[in-house]
Amino acid sequence: MDIRDEIDTLRWIDIVEEEINLKSDRALVITSASILETQLEKILKCFMLSDNKIDERLFTNNAPLATFSSKNLMCYYIGIISEYEYKTIETIRKIRNKF
């Protein structure tokens with residue numbers, strides 16, 4: 001990891017903490033779920049070839065990995081996350097959808 005990556009991560013953490021501390025419960029749930037979804041996508045991309053055109057076809061609009069649910073399922077299916085993690089993330093996703 002490059003020092004710029006570490007600085008970007010620290011800035012990102014500060015922004016997330018500020019959002020969580022200043023917003024409503026609804027915002028907390030939606031923000032947290034969005035963070036999880038973003039991290040699942042990043043994890044998947046670490047295991048895939050780097051190709052922006054294919055990324056777009058997989059992760060945008062109605063693409064196969066465009067949804068939180070599909071990213072979670074794929075991470076579990078290929079063994080990146082455990083069954084426990086998969087079920088926990090599914091619960092968080094369902095709570096987000098209730099809000």
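No hydrogens, no waters, no symmetry mates; every other heavy atom, side chains included, goes into these values. The first residue in the sequence is number 1, and the count goes up from there.
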*Asks:* For a quick check under 3.5 Å, do S34 and E37 share a side-chain donor-acceptor pair by atom type?
*Replies:*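 No pair is found: no donor N or O on one side chain lies under 3.5 Å from an acceptor on the other.
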
*Asks:* Is L65 close to M48 at the side-chain level, that is, under 4.5 Å between some pair of heavy atoms?
*Replies:*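 In contact.
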
*Asks:* Going hydrophobic residue to hydrophobic residue with side-chain gaps under 4.5 angstrom, can you get from Y76 over to I43?
*Replies:*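 Yes: a chain of side-chain contacts under 4.5 Å links Y76 to I43.
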
*Asks:* Looking at R93 and E90, is there a salt bridge between them, counting it only when a charged N and a carboxylate O are closer than 4.0 Å?
*Replies:*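 Yes, E90 and R93 are salt-bridged.
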
*Asks:* Measure across L44 and C75 and return the closest heavy-atom pair with its distance rounded to 0.1 Å.
*Replies:*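 That closest heavy-atom pairing would be CG-SG, 3.5 Å.
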
*Asks:* Given S32 and I92, is the side chain to side chain contact (heavy atoms under 4.5 Å, CB included) satisfied, shown in steps?
*Replies:* CA-CA 9 Å; S32 298; I92 292 167; 5.7 Å; no

*Asks:* Can you establish whether the number of heavy atoms outside E56 located under 6.0 Å from its atom CD is more than 12?
*Replies:*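 Atom CD in E56 is not packed in, count stays at 12 or less.
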
*Asks:* State the CZ-CG distance between R57 and N52, to the nearest 0.5 angstrom.
*Replies:*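 The distance works out to 13.5 Å.
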
*Asks:* Going only through I, L, V, M, F, W and Y residues with side-chain contacts under 4.5 Å, is there a path from I30 to I89?
*Replies:*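 Different clusters.
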
*Asks:* Counting distance only, does the side-chain N/O of D51 pair as donor-acceptor with the main-chain N or O of K53 below 3.5 Å?
*Replies:*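 A pair under 3.5 Å: yes.
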
*Asks:* Working to the nearest 0.5 Å, report the span between CZ of F59 and CD1 of I54.
*Replies:*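 If I round to the nearest 0.5 Å, the distance is 11.0 Å.
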
*Asks:* What about L40 and I78, same hydrophobic cluster or not, with Ile/Leu/Val/Met/Phe/Trp/Tyr joined at side-chain heavy-atom distances under 4.5 Å?
*Replies:*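 Yes: a chain of side-chain contacts under 4.5 Å links L40 to I78.
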
*Asks:* In this structure, are over 12 heavy atoms from other groups packed under 6.0 Å from K45 atom NZ?
*Replies:*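 More than 12 heavy atoms, drawn from other residues, nucleotides or ligands, come within 6.0 Å of this atom.
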
*Asks:* Out of curiosity, does F68 fall in the hydrophobic cluster containing L28 (side-chain heavy atoms, cut-off under 4.5 Å, transitive links)?
*Replies:*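 The answer is no; the residues belong to distinct hydrophobic clusters.
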
*Asks:* Evaluate the side-chain proximity of I35 to T31: yes if any heavy-atom separation is below 4.5 Å, no if none is.
*Replies:*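 Counting from C-beta outward, T31 and I35 do come under 4.5 Å.
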
*Asks:* How close do D55 and L49 get, heavy atom to heavy atom, and via which atoms?
*Replies:*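 Where D55 meets L49 most closely, the heavy atoms are OD1-O, 4.4 Å.
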
*Asks:* Under 3.5 Å, is there a donor-acceptor pair linking the side chains of T88 and T91?
*Replies:*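 Per modelled atom types, T88 and T91 side chains form no pair under 3.5 Å.
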
*Asks:* When rounded to the nearest 0.5 angstrom, what distance separates OH in Y86 from CG in L73?
*Replies:*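 Rounded to the nearest 0.5 Å, the OH-CG separation comes out at 5.0 Å.
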
*Asks:* Quick check: closest heavy atoms across A66 and K71, and the distance to 0.1 Å?
*Replies:*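 Nearest pair, atom of A66 first, then K71: O-NZ, 3.6 Å.
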
*Asks:* Run the side-chain hydrogen bond (donor to acceptor under 3.5 Å, both in side chains) test on T38 and E41 for me, step by step, so that the C-alpha distance in whole Å, both residues' side-chain angles and the decisive distance to 0.1 Å come before the verdict.
*Replies:* CA-CA 5 Å; T38 300; E41 183 172 326; over 6 Å; no

*Asks:* Would you kindly confirm whether I81 and Y84 end up in one hydrophobic cluster when ILVMFWY residues are joined by side chain heavy atoms under 4.5 Å apart?
*Replies:*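 They do not share one cluster, since no chain of ILVMFWY contacts under 4.5 Å joins I81 to Y84.
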
